[in-house]
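What follows is a single structure, written as structure tokens, with notes after it.
Computed over heavy atoms, backbone and side chain alike; hydrogens, waters and symmetry mates excluded. Protein chains get the first letters and strands the later ones, always in sequence-line order, with residue 1 at the start of each. Owing to the predicted nature of the structure, the values given are computational and were not obtained by experimental measurement.
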Amino acid sequence: MSLRVRIRDKSFDDRPVLKGLEFDLGEREIVALVGPSGCGKTTLLKIIGGLDLDYDGTIAWTDAGSPRIGTIFQEPRLLPWRTVRQNLILVLPPYAHPAADELLRHLGLWPFRDHFPPTLSLGMARRVAIARAFAIAPELVLLDEPFVSLDPEMAQRSRDVLLEAWRQRATSVLLVTHDPVGAAALADRILVMSPRPARIVTQIEVPAAQRRSDHPTALQVAAQLEVVVGQYLART
Amino acid sequence: MLGFFVLWEAVARLVGNPLLPPASNVLVAIARETASGALPENLAITMARVVLAFVTSMVLGTALGLAMGVWRRVDVALDSWLTVLLNLPALVVIVLMYVWFGMNEVAAIAAVALNKLPSTAVTVREGARALDRDLLEMAHSFGMRRWPIIRHVVLPQIYPYLFAAARSGLAIIWKIVLVVELLGRSNGVGFQIQVYFQLFDVTGILAYTLSFILVVQLIEWALLQPLERRASRWRR
């Protein structure tokens with residue numbers, strides 16, 4: 001599955017939020033959208049996720065039919081009154097239950113399957129949210145600032161969990177963030193958004209050799225990207 | 001509790017007035033009425049009315065409260081009716097129901113349910129207004145259907161309000177059932193109390209009252225409290 005996003009206009013009460021925003025997302029590609037806070041990143045995700053239908057433009061999927069989309073929100077948004085395993089099971093058709101269990105094992109969550117979310121740490125709860133999004137065997141996973149309010153080590157571990165899940169399931173990933181380092185550590189491509197009304201101002205390709213690696217040169221690339229992205233954000 | 005009975009016994013013996021019978025006399029009366037079968041029969045009849053009125057008012061009140069809490073339009077349309085019903089004296093509702101629908105079981109139970117329904121609706125409406133929008137958005141983004149959303153996302157958030165409504169509901173309903181029985185039925189605890197009232201037999205009145213309080217207390221211990229513990233076991 002691949003995705004074509006063409007948004008001519010999205011406004012709230014005549015205030016334009018997105019204008020002329022266009023990009024494509026390829027199969028199994030991880031794309032990061034970075035931009036200043038309040039530029040409409042979450043709005044864009046809602047449109048792509050089908051939660052907001054009130055816009056002018058098209059969201060086109062190459063494979064006909066409605067694709068399954070797993071969303072990972074800023075907060076874990078788990079049902080506190082259901083166990084970890086039930087939280088996954090509830091969004092799945094019955095035939096997918098064994099796959100969900102397998103995913104829980106793979107992401108190191110199996111020992112916590114009968115715990116209720118309020119007893120989990122934030123990092124652990126986010127890991128469950130990641131597992132839930134991938135458990136539905138999605139064609140596309142959307143992430144909205146998934147690693148904010150985690151310390152750097154915890155954010156790194158959450159990224160590892162995300163990549164582990166991504167390798168298990170062939171899926172495209174679109175994440176929005178205002179953290180260029182996090183974006184560089186995950187993505188194939190980074191799209192930089194302008195302030196409102198937002199559009200894509202530039203695109204940065206992460207060199208193939210440095211993608212999703214914690215090798216020192218990759219970290220260097222991330223640092224460089226941070227500078228470039230920072231410049232764009234400052235200029236726009 | 002035991003202290004209260006001892007005190008009651010002592011004071012009643014000291015006063016020596018038939019209008020304040022000692023506790024032991026009341027216990028003897030309970031035993032006698034139980035042996036004759038009159039007490040269990042009337043208790044069962046009254047309990048059946050309480051249960052029917054309780055279930056009716058809880059189901060309808062919850063549905064109404066949810067609808068009013070979720071849809072603004074329903075709230076606007078029905079809010080003043082709810083206020084009217086809330087402030088209508090129980091006696092007026094009972095008398096009108098008997099006059100319009102006859103001295104029958106349906107009118108009796110409807111009158112009781114109608115007295116409790118508005119306060120259930122108001123309580124549940126508060127719960128519905130406090131629903132977590134983020135969790136609902138999550139459920140929609142994962143394509144959960146209407147009934148699973150109500151069952152797993154909405155109702156667990158409403159439970160504390162439902163238990164509050166059930167508690168006060170049980171208390172109010174059994175009081176009103178007695179009045180309904182006194183006014184227009186020829187059996188049940190309320191009818192018996194009326195008979196004893198005409199005979200000025202305080203011992204009999206207290207015997208029936210005590211038995212009924214005991215039954216209601218048992219329901220609280222054996223049913224409501226375990227249910228509430230079960231519903232809130234996810235809380236830390």
Side-chain angles (χ1 to χ4, degrees), chain A residues 42-43 45-53 65-94 96 100 114-121 125-126 128-129 131-144 174, chain B residues 58-59 62-63 65-66 69-73 123-167 223-236:
Chain A
T42 301
T43 307
L45 281 196
K46 278 191 187 174
I47 290 175
I48 296 172
L51 292 174
D52 187 340
L53 302 173
S66 57
R68 280 185 304 277
I69 301 176
T71 305
I72 301 167
F73 298 92
Q74 244 174 74
E75 327 77 34
R77 295 199 192 177
L78 303 172
L79 299 175
W81 39 81
R82 294 289 183 263
T83 63
V84 164
R85 185 168 180 274
Q86 287 170 336
N87 262 284
L88 265 67
I89 295 295
L90 277 176
V91 297
L92 293 177
D114 292 329
H115 288 218
F116 288 101
T119 65
L120 302 177
S121 68
R126 282 182 195 239
V128 177
R132 177 177 60 187
F134 280 92
I136 63 171
E139 275 94 19
L140 172 66
V141 167
L142 301 174
L143 295 97
D144 186 2
L174 180 65
Chain B
M58 284 301 287
V59 169
T62 302
L66 276 180
V70 173
W71 293 302
R72 231 193 104 57
R73 205 174 282 194
T123 308
V124 172
R125 180 173 64 178
E126 285 311 309
R129 281 178 180 164
L131 279 180
D132 187 333
R133 308 264 155 202
D134 285 352
L135 286 181
L136 285 174
E137 189 180 80
M138 181 280 294
H140 285 129
S141 82
F142 279 96
M144 281 178 80
R145 307 233 172 263
R146 184 182 289 255
W147 176 239
I149 287 181
I150 290 178
R151 195 172 144 212
H152 299 292
V153 184
V154 174
L155 280 183
Q157 298 185 60
I158 304 287
Y159 281 153
Y161 297 88
L162 280 183
F163 280 113
R167 280 262 155 65
L223 206 69
L224 281 182
Q225 284 182 8
L227 272 178
E228 189 166 15
R229 266 199 301 278
R230 208 183 118 72
S232 60
R233 83 204 133 112
W234 55 274
R235 288 178 205 278
R236 270 201 287 192

Problem set entry | Within residues 127-140 of chain B, residues adjacent to chain A where the heavy-atom gap is under 4.5 Å | B/Asp134, B/Leu135, B/Glu137, B/Met138, B/His140

Exercise. Do you know which two heavy atoms are closest between B/Phe142 and A/Gly70, and how far apart they sit?
Worked result: CE2-CA, 4.1 Å

For this session: Any chance you could measure A/Thr119, atom OG1, to B/Arg235, atom CZ, to the nearest 0.5 Å?
Result: 14.0 Å

Seminar exercise, completed: Cut-off 4.5 Å, heavy atoms of chain B, and the answer for A/Arg132 is both

For this session: Please identify each residue that fulfils side-chain hydrogen bond (donor to acceptor under 3.5 Å, both in side chains) with A/Thr83, with sequence neighbours left out.
Result: A/Gln86

Problem set entry | Contacting moiety of A/Arg82, where chain B heavy atoms sit under 4.5 Å | side chain

Exercise. Does B/Arg125 have any salt bridge (Lys or Arg N to Asp or Glu O under 4.0 Å) partners at least two apart in sequence or in another chain, and if so, which?
Worked result: B/Asp75, B/Asp79

Problem set entry | Heavy-atom pairs under 4.5 Å with chain A, option from B/Gln157, B/His152, B/Met144 with the top count | B/His152

For this session: Without swapping roles, check the side chain of A/Trp81 against the backbone of B/Val153 for a donor-acceptor pair under 3.5 Å.
Result: no

Exercise. What option among A/Pro117, A/Pro80, A/Ala133, A/Gly50 has the most heavy-atom pairs under 4.5 Å with chain B?
Worked result: A/Pro80

Problem set entry | Interface residues of residues 134-142 of chain A facing chain B - non-hydrogen atoms under 4.5 Å apart | A/Ile136

